[in-house]
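Taking it in order: structure first as structure tokens, then the write-up.
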Amino acid sequence: MKMKVKTFTSPEPLLNGYSHPCDLLSILHEQQLKKEKSVTIQYRREQYISIYTTALFQSSPHLSGHVRTHSHSLSRWFLRLCRLVAGNALNCLFIDTSSFQRYLRFGVTHFNGGGVVKSCRKEGFVIDERGKLKRFNKKKLSRRRCGSLRGRGWKYGSGFVDGIFPVLSPIAQKILSFIQRETDPEKVADVLGTLPSTHASWDDLINVAVQLRLNKKWDPIVLVCEWILRRSSFQPDVICFNLLIDAYGQKLRYKEAELLYVQLLESRCVPTEDTYALLVKAYCLAGLIEKAEAVLIEMQKHHVTPSATVYNAYIEGLTKRKGNTEEAIDVFQRMKRERCKPTTETYNLMINLYGKASKSYMSWKLFCEMRSHQCKPNICTYTALVNAFAREGLCQKAEEVFEQLQEDGLEPDVYVYNALMEAYSRAGYPYGAAEIFSLMQHMGCEPDRASYNIMVDAYGRAGLHSDAEAVFEQMKKLGIVPTMKSHMLLLAAYSRARDVTKCEAIVKEMSENGVEPDTFVLNSMLNLYGRLGQFTKMEKTLAEMEKGPCAADISTYNILINVYGKAGYLERVEELFEEVKERKLRPDVVTWTSRMGGYSRKKLYVKCLEIFEEMIDSGCVPDGGTAKVLLKACAMVLKDLKYADSHEWVKIDGNKATFGITDHAQDHLGDVVYVELPDLGRSVSQGESFGAVESVKATSDINSPVSGKVVEVNEVLTESPGLVNTSPYEEGWIIKVELSDAGEVEKLMDSDKYSKFCEEEDAKH
């Protein structure tokens, strides 16, 4: 016969945790549970550690059977409870208590004459949306996103999937609505103080706190948990401490987080591995790696070995703060040295870390290592790997990972499709991204706001700004509200086209739609005005930033210093650099390099070296861009050559002459991608074009500095045109001619005159 189970939750007096066992007996009697075939009883002994007990009874006129106990502290009231169920026979009762988890678990199973307990199925319950208990299998419960399950549920780095999330009761929904609006701690305390000190109230408060965490609302979490721990009648519980430490860490309030840990110990709560993990993460987010290490030492004092949860929190905290990539890699290597097995989440973090560092080959290596260690990749693993290849525009490799995902039986979600679209966007194939977008819709995966943003960016990168705007308008028609990022991507598309009028209209539209332009948007407009030489508008925008809510940051000054440096306004460059110091902004490597670049264009390499030394003394580390600027500042004007005003050099050797373009010319051209060479035997005349140099910026004619007949061309430039940049006076020579009029050489400039000519020409521009 299939047995029915009656669920019983004791009322308020018992839920306080201090009622006498006899109260339970009277309550059971009042509920007439003796008529039931089987009974499930939920009884709490500790403060909100919800425990369940299962007793399966079979009908019999007499009470008989065997009692097996694993605790000597059981009171006689358990037996009285059994006898209370009149008319039922107890075949076997066993009680298993654990002092570590602080709860009782007991159950009954059928007992056959041999005296051996065959099996006992351990049951659990979850509260549904109507506030009723439902049974679930504990072994099938997986948690990934956070949640509360009758006080047992929330665990850092985990939560609920399989459709089980925090279910808010009507009262909890009202609390959530109130706490999201109110910021005054006193008003919050007054309202929460009206709640009864019951199990249900505790459930509501924890569910609200976890729901807030899902939405990353850290300030309301602080209000709720601080009230629970410091002003309510509830006993302190580790779940509240963990939630509050997490909120403090996210707000960079590490000092309060460590004081809370001390309070946790003083309240005789046992810290869990999640407590240590959250504390480590809080220190990492604040940049206090030494204190994070101290937490690991604290764990050893309490004889707790750091688990994968702690190491994962350590790595995640380091990756969220820029500049800690190497430290995160060291933690990962230490984790393996200490024989702590990396989990899927660990590999996901590291794959994502290498992807952001543009080291997709390392991401792939970790993926292969993961599979070889029998660690099963999940959908997040594949998404991180596709993203790693997408950042480098390796769309073919991203496609292979996408196919591997499907072969492993996983269903691509919107995040995977978005990552694949990003790969085609970065590679410069907007129509490839559009094809993935259509495929996503065809497969029944609804595009989200990020999908449309990627398409706007893909078209914008390719210079198809009208298509980018069409996607933007389609997004609005579908009811998807464009965010700041959506407007920024459209702004970038028209900025590439140098369409000032349209960019100004987009900024105006943002304000009209309630999306106030921030510093990043205004910096983009400054950059556009600077590239077009509209310095008046640039200064006006800067003045508005000083008056308005969007304050100028270091990026603002980097743009201004770079623009004025390129224009040759070195006095303004120095004024802006002094403003940086006055505003107590710290110059970064871009600031120093941009300042140096202004003098580099004037070939004032002595001044550049002075700025470089000042940069080193300030503790700023130079990068490749700094080195490139220094090399440009020291660009050579060789003494034994002659120069034309069209920036070609000529070297005379008897009746032959070698031509090329000067270092000054290649510097202004940028990276050379193609050199057009003349045919052998062709006659060239002084001042006339005989070829061309094509760079990433423009195409420029090459004029002959003297007349003659072409006797040799530099065929190496066909395969390596970049030699014109790297070695303009040696390996980057272009042609050799046989002179027809040696007197023409006297009309050319020497090195001193050419240097002065370049300075005057740069000053005009």
Side-chain angles (χ1 to χ4, degrees), residues 315-316 319-320 325 328-329 332 342 344-373 375-464 467-468 471 475 485-486 488-489 492-493 496:
I315 295 171
E316 184 181 2
T319 55
K320 284 191 174 182
T325 302
I329 295 172
F332 178 66
T344 300
E345 183 184 356
T346 313
Y347 282 109
N348 290 352
L349 288 168
M350 294 307 300
I351 289 172
N352 195 38
L353 172 69
Y354 281 117
K356 288 182 177 180
S358 299
K359 295 181 179 180
S360 57
Y361 63 94
M362 286 300 301
S363 296
W364 177 254
K365 182 179 179 181
L366 276 178
F367 179 75
C368 296
E369 176 187 313
M370 179 183 186
R371 295 176 71 96
S372 66
H373 291 172
C375 186
K376 189 175 181 181
N378 58 20
I379 189 71
C380 298
T381 313
Y382 286 103
T383 304
L385 193 56
V386 173
N387 267 320
F389 290 120
R391 286 186 179 93
E392 298 179 41
L394 303 174
C395 46
Q396 185 176 356
K397 197 66 179 176
E399 279 274 14
E400 293 176 7
V401 176
F402 185 82
E403 292 173 1
Q404 182 67 47
L405 177 151
Q406 294 174 306
E407 290 175 5
D408 286 354
L410 295 173
E411 187 70 24
D413 60 10
V414 66
Y415 302 106
V416 181
Y417 282 114
N418 287 350
L420 191 57
M421 287 165 56
E422 186 72 25
Y424 281 98
S425 174
R426 297 283 183 99
Y429 300 118
Y431 297 114
E435 187 177 340
I436 301 299
F437 186 86
S438 300
L439 174 64
M440 175 168 53
Q441 292 176 308
H442 178 73
M443 298 301 293
C445 185
E446 193 67 26
D448 60 4
R449 183 185 287 107
S451 309
Y452 286 96
N453 286 348
I454 292 170
M455 286 307 307
V456 171
D457 187 40
Y459 286 126
R461 286 173 182 267
L464 305 172
D467 291 328
V471 174
M475 178 169 57
K485 184 174 182 180
S486 308
M488 269 302 307
L489 292 171
R496 291 187 182 96

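The shown structure was predicted, so the numbers you read here are calculated from the model rather than taken from an experiment.
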For the atom pair [atom1] ([X]) and [atom2] ([Y]), what is the distance rounded to the nearest 0.5 Å?
X: Glu407; Y: Glu400; atom1: CD; atom2: CD; value: 10.5 Å
X: Leu420; Y: Leu439; atom1: CG; atom2: CG; value: 8.5 Å
X: Glu422; Y: Asn387; atom1: CD; atom2: CG; value: 7.5 Å
X: Met421; Y: Asp457; atom1: CE; atom2: CG; value: 10.0 Å
X: Cys368; Y: Lys365; atom1: SG; atom2: NZ; value: 10.0 Å
X: Leu349; Y: Phe332; atom1: CG; atom2: CZ; value: 10.0 Å

Taking all atoms of both residues into account, what is the closest heavy-atom pair of [X] and [Y], and its distance?
X: Thr383; Y: Ala419; result: O-CB, 4.3 Å
X: Val471; Y: Met455; result: CG1-CB, 3.9 Å
X: Val401; Y: Phe389; result: CG2-CE1, 3.7 Å
X: Tyr459; Y: Ala468; result: CB-N, 3.7 Å
X: Ala433; Y: Ala458; result: CB-CB, 4.3 Å
X: Ala493; Y: Gly460; result: CB-CA, 3.6 Å

Given 3.5 Å as the limit, does a donor-acceptor pair link the side chain of [X] with the main chain of [Y], or not?
X: Thr319; Y: Ile315; result: yes
X: Ser363; Y: Leu385; result: no
X: Asp413; Y: Val416; result: yes

Contact check, side chains of [X] and [Y], non-hydrogen atoms, under 4.5 Å:
X: Tyr354; Y: Trp364; answer: no
X: Leu464; Y: Tyr431; answer: yes
X: Val414; Y: Glu446; answer: no
X: Asp467; Y: Pro430; answer: no
X: Asn378; Y: Thr381; answer: yes
X: Ser451; Y: Met440; answer: yes
X: Ser360; Y: Arg391; answer: no
X: Met362; Y: Met350; answer: no

Determine the interplanar angle of the Phe437 and Tyr452 rings, folded into 0 to 90°, and report it as parallel if under 30°, tilted if 30 to 60°, perpendicular if over 60°. perpendicular
List in chain and number order the residues that pass side-chain contact (heavy atoms from CB on, under 4.5 Å) with Asn453, two or more places apart in sequence or in another chain; answer none if no residue qualifies. Arg449, Met475, Thr483, Lys485, Ser486, Leu489
Within a 6.0 Å radius of atom CD on Glu369, are there more than 12 heavy atoms belonging to other residues, nucleotides or ligands? yes
Salt-bridged, Lys320 to Glu316, with N to O below 4.0 Å?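 The answer is yes: the pair qualifies as a salt bridge.
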Hey, are Gln404 and Asp408 close enough side-chain-wise for a donor-acceptor pair under 3.5 Å?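 Per modelled atom types, Asp408 and Gln404 side chains form a pair under 3.5 Å.
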Checking Tyr424 against Glu399: is there a side-chain donor and acceptor pair closer than 3.5 Å? yes
Under the side-chain contact (heavy atoms from CB on, under 4.5 Å) test against Leu366, which residue among Asn348, Ile351, Leu353, Thr346 passes?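 Testing each of Asn348, Ile351, Leu353, Thr346 against Leu366, the sole residue satisfying side-chain contact (heavy atoms from CB on, under 4.5 Å) is Ile351.
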